[in-house]
Amino acid sequence: MIRVALAKGRLYDPAVARFAQAGIIIDPEPGRRLLIPSSDAGIEFLVVKPADVAVYVESGAADVGVTGTDVLRESDADVLEPLELGFGACRLVVASPASAPYPELPGGKTARVATKYPRLAWRHFALEGRPVEIIEVHGSVEVAPLLGLADWIVDLVDTGNTLRANGLVEREVLLPVGAVLVANRASQKLKLEEHLALMRRLGA
Ligand code: AMP
């Protein structure tokens, strides 16, 4: 049996579609079951919050998972990444108000950076030797500069519409982001044939 952890949210529908293309149909009416069977007796699914996919896979509670490279890099989980899935493309960027100078703030003030990605943001500025204060928030990041909570944000951008609508400009790309298949190290060794077969079906 291969257990697949899927992330709720944006990646869910394209992930289910990719498995369906591979002939693996997730039970559309699982009721209250959290371990969801599929049309393939050897594959079952579990649906968790995006940040938890890597936790389930790293621990071996799930053999493989579908997650975005943004939450994966933020977590630093020790998992294999055997396959890029080619959907969920976006980028993690630094953005700041169009009306304010960048990267210097008036008076040499230390920038406050609001983000859902404190580790990636901290690492980015630390590597460049730029002191910042990281403010961790869990949503609506784009409003932080408007409200004076932060000077800059580090957030995901797809079309850029949300940034523009909030008077922000993309300044730097930290990370190109996309959906990947992740795998538990031990599981891939112990069930190599099943992992290879699944990757062939998903990659085809
Ligand atoms: P956009 O206006 O198309 O640039 O989308 C930006 C908003 O959607 C931001 O609030 C992001 O956090 C979110 N977003 C964009 N792409 C993704 C993605 N692939 N996964 C999760 N959230 C995303």
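Indexing begins at 1, ligand by ligand and atom by atom, following the structure's order.
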Flag, side chain of Arg91 to backbone of Asp158, donor-acceptor distance under 3.5 Å | yes

Do the side chain of Asp27 and the main chain of Ser38 share a donor and acceptor less than 3.5 angstrom apart?
-> no

Could you label the plane-to-plane angle of the Phe19 and Phe45 rings as parallel, tilted or perpendicular, counting under 30° as parallel and over 60° as perpendicular?
-> perpendicular

Heavy-atom cut-off of under 4.0 Å around ligand 1: list whichever protein residues fall inside it, by chain and number.
-> Arg10, Gly88, Cys90, Lys116, Glu142, Asp155, Leu156, Val157, Asp158, Thr159, Gly160, Asn161, Thr162

Closest heavy-atom pair, Pro103 versus Arg130, reported as atoms and distance to 0.1 Å, is CB-NH2, 3.5 Å

Using links of under 4.5 Å between side-chain heavy atoms of ILVMFWY residues, direct or through other members, which residues join Val93 in one cluster?
-> Ile135, Val137, Val141, Leu149, Ile153, Val157, Leu163, Leu168, Val173

Is any NZ, NE, NH1 or NH2 atom of the basic residue among Arg112 and Asp151 found under 4.0 Å from an Asp or Glu carboxylate oxygen of the other?
-> yes

